[in-house]
Amino acid sequence: RNLPYDESSPSLFRDMNKCINCGRCVRICEEKQGLAILSPTGRGHEVIPLPALAAPIAATDCINCGQCATVCPVGAITERMEFREVMKQLENKDKVVVVQTAPAVRVAFAEEFGEPAGTVSIGKRVAAIRKVGFDYVFDTDFAADLTIMEEGSELLGRVKEGGKFPMFTSCCPGWVNLMEKLYPEFTENLSSSRSPHEMLGSVAKTYFAKKIGKKPEDIYVVSIMPCTAKKDEKIRPQLKVEGLPSVDAVLTTRELAKLVKIKNIPYLSLDEEEYDNPLGKSTGAAVIFGA
């Protein structure tokens, strides 16, 4: 094959020259996600899974969930890699590079280094991230606590004022994409709260920036997330702070692992370290919310 790359999506990269026609992406999208964005196109050995009319993926009802990338065995569909840009920013002396990690990453990251599935890797992971070169390491759970308060207050406000019910959380960008594209009649049911990583990005570029004597544009926020839809969420114009995106880059768990491996950091032999304060503190409720 000699097919062009599909780089239309902010979350997914498609190189159908690698495709082996296993059909996993077709099945996961239709049978598990209920969207049926992809279908076998062509005849005989030229069959290939494509959107209708061979449209770019961004022109479809794709919600950027990334399930197709999860099941693709040959890398024909992957997350849209951003770790190279993050590496450039780590070398930029004019930027304070802040990283936050989602709770799910702590039970997936260690697998990249041969540890058993489900191994909790908080302390070593924080140490590895610092050695990569990030200036501050924060926990998205801090913002999950903020989200609990924000959504709880909003719910009470709707109860008192007769707001739209049921009220849906706005923390999953894939779910928000699904609602906007296929069920727009539920728009008013959606919470107006940002998702936790976007909240922490806002706090980092306002409150935290002032605390360390920096301007919002001096702060570069990186989110380590288990979800490719977060890459799409960060470019939403509604989420900007003083004209700047709240989050500048989103890396998946395996992109972070790539960074650690590129830097030749001996993850398994690292001593455990703590998140930075104050945006590294959280309650047990935040962990439950993240789950």
CA sep, side-chain torsions, deciding dist, call: Asp141, Arg106, salt bridge (charged side-chain N to carboxylate O under 4.0 Å, His left out): CA-CA 11 Å; Asp141 273 351; Arg106 67 183 59 172; 3.2 Å; yes
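- Between atom SG of residue Cys25 and atom CD of residue Glu30 there is a gap of 11.5 Å, rounded to the nearest 0.5 Å.
- Not one N or O on the side chain of Thr228 forms a donor-acceptor pair closer than 3.5 Å with the backbone of Glu79.
- Looking at Thr140, its side chain does come within 3.5 Å of a backbone N or O of Thr101 through a donor-acceptor pair.
- Considering OG of Ser246 and CD1 of Ile219, their distance stands at 13.0 Å, rounded to 0.5 Å.
- Around CG of Asn92, the count of heavy atoms belonging to other residues, nucleotides or ligands within 6.0 Å exceeds 12.
- Only one option out of Arg80, Arg84, Lys231 pairs with Glu255 in a salt bridge (Lys or Arg N to Asp or Glu O under 4.0 Å); it is Lys231.
- Looking at every heavy atom in both residues, Gln67 comes nearest to Ile28 through CB-CG1, 3.8 Å.
- With a 4.5 Å cut-off on side-chain heavy atoms, Trp175 and Thr169 do not count as touching.
- Counting heavy atoms from C-beta on, the side chains of Lys281 and Tyr275 never come closer than 4.5 Å.
- Taking each heavy atom of Ser191 and Met167 in turn, the nearest pair found is CB-CE, 3.9 Å.
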Verdict with supporting geometry, Gln33 and Cys65, side-chain contact (heavy atoms from CB on, under 4.5 Å): CA-CA 9 Å; Gln33 300 302 81; Cys65 67; 3.3 Å; yes
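- Around CD of Glu180, the count of heavy atoms belonging to other residues, nucleotides or ligands within 6.0 Å exceeds 12.
- With hydrogens and angles disregarded, a donor-acceptor distance shorter than 3.5 Å links the side chain of Arg1 to the backbone of Met16.
- Using a cut-off of 4.0 Å between Lys/Arg side-chain N and Asp/Glu carboxylate O, Lys95 and Asp248 are scored as not salt-bridged.
- Residues Glu112 and Thr253 bring no donor and acceptor atom of their side chains to less than 3.5 Å of each other.
- Distance OG1/Thr206 to CG/Leu244: 11.5 Å, rounded to 0.5 Å.
- Counting heavy atoms from C-beta on, the side chains of Glu242 and Lys205 never come closer than 4.5 Å.
- Side-chain atoms of Tyr136 and Asn277, non-hydrogen and from C-beta on, never get closer than 4.5 Å to each other.
- Two residues are said to be in side-chain contact when any heavy atoms from C-beta on lie closer than 4.5 Å; Arg27 and Lys32 fail this criterion.
- Other residues, nucleotides and ligands place no more than 12 heavy atoms under 6.0 Å from the CD atom of Glu188.
- Other residues, nucleotides and ligands place no more than 12 heavy atoms under 6.0 Å from the OH atom of Tyr207.
- Expressed to the nearest 0.5 Å, how far NZ of Lys124 lies from CD of Glu115 amounts to 5.5 Å.
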Evaluation steps, side-chain contact (heavy atoms from CB on, under 4.5 Å), between Arg14 and Cys68: CA-CA 10 Å; Arg14 290 164 45 84; Cys68 54; 5.9 Å; no
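- Atom CD of Glu274 and atom CD of Glu272 lie 8.5 Å apart (nearest 0.5 Å).
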Steps toward side-chain contact (heavy atoms from CB on, under 4.5 Å) verdict (Leu35, Thr60): CA-CA 10 Å; Leu35 292 168; Thr60 71; over 6 Å; no
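- Asp232 contributes no side-chain N or O that, together with a main-chain N or O of Pro10, makes up a donor-acceptor pair within less than 3.5 Å.
- With respect to Glu233 and Arg236, no salt bridge is recorded, no charged nitrogen being found less than 4.0 Å from a carboxylate O.
- Considering only heavy atoms from C-beta on, Pro216 stays 4.5 Å or farther from Val241 through its side chain.
- Proximity of a side-chain donor or acceptor of Asp15 to a complementary backbone N or O of Tyr5 within less than 3.5 Å is not detected.
- Hydrophobic clustering keeps Val71 apart from Ile63 (ILVMFWY residues linked when any side-chain heavy atoms are closer than 4.5 Å, directly or through intermediates).
- Connection of Leu156 to Ile148 is not established within any shared hydrophobic cluster, with ILVMFWY side chains joined at heavy-atom distances below 4.5 Å, either directly or through further cluster members.
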Derivation of the side-chain contact (heavy atoms from CB on, under 4.5 Å) call for Val132 and Val99: CA-CA 11 Å; Val132 167; Val99 67; over 6 Å; no
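- The minimum heavy-atom distance between Cys62 and Ile57, with the atom names listed, is CB-O, 3.8 Å.
- In this structure, Lys261 satisfies the cation-pi test against Phe113, with its NZ or CZ atom closer than 6.0 Å to the six-membered ring centre and inside 45 degrees of the ring normal.
- Within a 6.0 Å radius of CZ in Arg158, other residues, nucleotides and ligands contribute more than 12 heavy atoms.
- Shown here for Ser11 and Ala229, the closest heavy-atom pair between the two residues is OG-CA, 4.0 Å.
- Looking at heavy atoms from C-beta onward, Ser195 lies out of side-chain contact with Thr147 at the 4.5 angstrom threshold.
- Heavy-atom minimum distance, Pro166 versus Asn189: O-ND2, 2.8 Å.
- Looking only at distances, no side-chain donor or acceptor of Thr78 sits under 3.5 Å from a matching main-chain atom of Gly75.
- In terms of heavy-atom proximity, Glu82 sits nearest to Val250 at OE2-O, 3.1 Å.
- Counted within 6.0 Å of NZ on Lys215, heavy atoms from surrounding residues, nucleotides or ligands total 12 or fewer; the atom is thus considered open.
- Each of Val126, Val260, Leu270 was evaluated against Lys131; a single residue qualifies, Leu270, per the side-chain contact (heavy atoms from CB on, under 4.5 Å) test.
- Under the 3.5 Å distance criterion, the side-chain polar atoms of Asp145 are matched with a main-chain donor or acceptor of Thr283.
- By the criterion of side-chain heavy atoms lying less than 4.5 angstrom apart, applied directly or through intervening Ile, Leu, Val, Met, Phe, Trp or Tyr residues, Leu279 is grouped together with Ile212 in one hydrophobic cluster.
- Hydrophobic clustering, with ILVMFWY side chains joined whenever heavy atoms are under 4.5 angstrom apart, groups Leu256 together with Ile265.
- Panel note: side chain Thr41, backbone Ser39; a donor-acceptor pair is recorded below 3.5 Å.
- The shortest side-chain heavy-atom distance between Phe109 and Ile224 does not fall under the 4.5 Å cut-off.
- Remark: the backbone N or O of Ser193 is paired with a side-chain donor or acceptor of Ser170 at under 3.5 angstrom.
- Met225 and Val105 are not part of a single hydrophobic cluster, where members link through side-chain heavy atoms under 4.5 Å apart.
- Between atom CD1 of residue Ile48 and atom SG of residue Cys19 there is a gap of 5.0 Å, rounded to the nearest 0.5 Å.
- In terms of modelled atom types and a separation under 3.5 Å, the side chain of Asn17 and the main chain of Leu3 share a donor-acceptor contact.
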